[in-house]
Amino acid sequence: MKATSRPLTQTIPFNDLQLQHQIITNELESAFATVLRSGWFILGKELKKFENEFANYCGTKHCIGVGNGLDALVLILKALDIGPGDEVIVPAHTFIATWLAVTHVGARPVPVLTGKFHTIDPTMIESAITTKTKAIIAVHLYGHTADMNAITASLKNRNIHIIEDAAQAHGAAYKEKRAGNLGIAAGFSFYPGKNLGALGDAGGITTNDDGLAKHIRELRNYGSSTKYQHNMLGVNSRLDEIQAALLCVKLKYLDKWNQRKNEIASLYLDSLKNCKTVRLPIKAEWSTHAWHQFVIECDQRDALQAYLSEKGIQTLIHYPKANHLQNAYYAQYDESAYISYQKLTERILSLPICPTLTNEAIEYVCTAIKNFNS
């Protein structure tokens, strides 16, 4: 992919969606116009087209379009009959939506520390399992897949579902098998900033289980498969026709955008390999990284972020406050068990990695980091 960028005299954006969309504006506008002319906006042919194309992309039998990534996880848990009295193992370090999905069905999130890849540490899982454990949510954080074989081995043939939180892993793979096709079901977010993002909130679920897919399709549509006949207590969480049409356009570019993100990550890794100021992300041989985020660690994180801001470089923190310390969960967990996680949140910093950035822009970021405290 040929990268374009704003001049370096201006801010280097963390994620320049406006510039990225300029490349495909005509296609996006055409897709929007097609839906507008059709007069059909919910559960129509554009949704079916996207569901088929994304299922094929992930290598799964089914994709079910839903309202957002949180709904995707909630609907999976509901369809698996997970609820009050049950426990679901989750990574301690993840976006809070992973935890919220478990809480919203009445179950209890059981957090486990993450390892060197920022994904759940398989060696910590067995000690977290109880007689109440019904599932584990493996989060492919920052675009790096969790170690699915090790997770499976840690369950030792117990009847515990493995669910993927693939909200940051569009196009990522584990041992040549794409995210979304690694557990009983996977929840995706198509939030605008994702590698595959809609132009608003949107989500999807992939699975190879025919019965589960049928159940989720009913759940997302008021518990109904036939109009005005409701077989269960469902919700309204449907990916609309406009977002589905726009996602079909963007899906064609996902591999190219991911390839460019991998090129940018390689530039960072090579240029900063001898920089003692920061710790670089580690990628496992078995993971095809989607590089949703490029996350470094720095003991002087806040000072480095302020320094980069002065140089016109936008950075973000994913995520600045531990989930168990959020007001939503405060005092429900033993803080002493998650000290390493809390310290991690004080060191992590996400660098710009949007696919429109040029090599020159990335080198500018790297030079600024190497000049920090020099």
Side-chain angles (χ1 to χ4, degrees), residues 35 38-86 88 97-98 100-107 134-138 159-167 179-191 196 198 200-248 251:
V35 176
S38 75
W40 195 291
F41 304 104
I42 301 292
L43 298 180
K45 65 179 183 180
E46 296 296 335
L47 175 60
K48 290 180 181 178
K49 179 184 177 188
F50 174 71
E51 289 176 336
N52 289 335
E53 290 183 1
F54 193 66
N56 289 336
Y57 181 84
C58 294
T60 58
K61 293 174 66 176
H62 304 281
C63 171
I64 305 101
V66 298
N68 54 69
L70 173 57
D71 284 0
L73 293 176
V74 169
L75 289 169
I76 292 170
L77 293 167
K78 281 181 175 288
L80 293 172
D81 198 28
I82 295 172
D86 297 332
V88 177
T98 313
L100 290 176
V102 178
T103 303
H104 282 328
V105 299
K134 295 296 177 65
I136 178 170
I137 300 180
N159 187 26
I160 297 174
H161 298 297
I162 301 177
I163 300 166
E164 295 174 78
D165 182 340
N181 193 19
L182 304 171
I184 190 168
F188 283 88
S189 167
F190 302 120
Y191 180 78
L196 177 62
D201 274 323
I205 297 164
T206 54
T207 183
N208 290 307
D209 188 306
D210 295 340
L212 190 64
K214 182 178 183 298
H215 194 174
I216 292 171
R217 289 186 192 280
E218 291 189 17
L219 279 174
R220 72 168 177 185
N221 187 38
Y222 300 103
S224 172
S225 58
T226 302
K227 196 169 185 177
Y228 301 132
Q229 295 184 26
H230 306 275
N231 302 317
M232 61 195 72
L233 297 175
V235 299
N236 175 17
S237 182
R238 305 170 300 197
L239 177 61
D240 68 63
E241 288 288 281
I242 290 176
Q243 298 300 346
L246 298 174
L247 284 167
C248 280
L251 180 58

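Note that the numbering runs from 1 along the sequence shown for the chain.
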If you look at every heavy atom in [X] and [Y], which pair is closest and at what distance?
{"X": "K61", "Y": "N208", "answer": "N-OD1, 2.9 Å"}
{"X": "A72", "Y": "I205", "answer": "O-CD1, 3.4 Å"}
{"X": "V88", "Y": "A107", "answer": "CG2-CB, 4.4 Å"}
{"X": "C58", "Y": "A179", "answer": "SG-O, 3.8 Å"}
{"X": "I160", "Y": "I136", "answer": "CG2-N, 4.0 Å"}
{"X": "I184", "Y": "H161", "answer": "CD1-ND1, 3.6 Å"}

How many angstroms lie between [atom1] in [X] and [atom2] in [Y], if you round to the nearest 0.5 Å?
{"X": "I76", "Y": "D209", "atom1": "CD1", "atom2": "CG", "result": "11.5 Å"}
{"X": "H215", "Y": "T207", "atom1": "NE2", "atom2": "OG1", "result": "12.5 Å"}
{"X": "Y57", "Y": "N181", "atom1": "OH", "atom2": "CG", "result": "12.5 Å"}
{"X": "N68", "Y": "L239", "atom1": "CG", "atom2": "CG", "result": "10.5 Å"}
{"X": "L77", "Y": "D86", "atom1": "CG", "atom2": "CG", "result": "9.5 Å"}

Under 3.5 Å: donor-acceptor pair, side chain of [X], backbone of [Y]:
{"X": "D165", "Y": "A167", "value": "yes"}
{"X": "T60", "Y": "T206", "value": "no"}
{"X": "S237", "Y": "G67", "value": "yes"}
{"X": "R217", "Y": "I64", "value": "no"}
{"X": "E51", "Y": "H62", "value": "no"}
{"X": "E218", "Y": "S225", "value": "no"}
{"X": "Q243", "Y": "A202", "value": "no"}
{"X": "N52", "Y": "K49", "value": "no"}
{"X": "Q229", "Y": "S224", "value": "no"}

Next on the checklist: Applying side-chain contact (heavy atoms from CB on, under 4.5 Å) to D240 and I42, what does each step give before you reach the verdict?
Outcome noted: CA-CA 5 Å; D240 68 63; I42 301 292; 3.9 Å; yes
If you define the side chain from C-beta out and look only at heavy atoms, does anything of [X] sit under 4.5 Å from [Y]?
{"X": "W40", "Y": "E241", "answer": "yes"}
{"X": "V105", "Y": "V74", "answer": "yes"}
{"X": "L47", "Y": "R238", "answer": "no"}
{"X": "L196", "Y": "F54", "answer": "yes"}

Checklist outcome for this item: salt bridge (charged side-chain N to carboxylate O under 4.0 Å, His left out) pairs touching residues 66-77, sequence neighbours excluded, are none
Checklist outcome for this item: Those residues at least two apart in sequence (or on a different chain) that pass side-chain contact (heavy atoms from CB on, under 4.5 Å) with A245 are A31, V35, E46
Item to check | Set of residues satisfying side chain to side chain donor-acceptor pair (under 3.5 Å) with respect to Y222, sequence neighbours excluded | outcome: N236
Item to check | Intermediate values then yes/no, side-chain contact (heavy atoms from CB on, under 4.5 Å), R220 and L75 | outcome: CA-CA 7 Å; R220 72 168 177 185; L75 289 169; 4.1 Å; yes
Checklist entry - For D210, does the CG atom have more than 12 heavy-atom neighbours from other residues, nucleotides or ligands under 6.0 Å away? => result yes
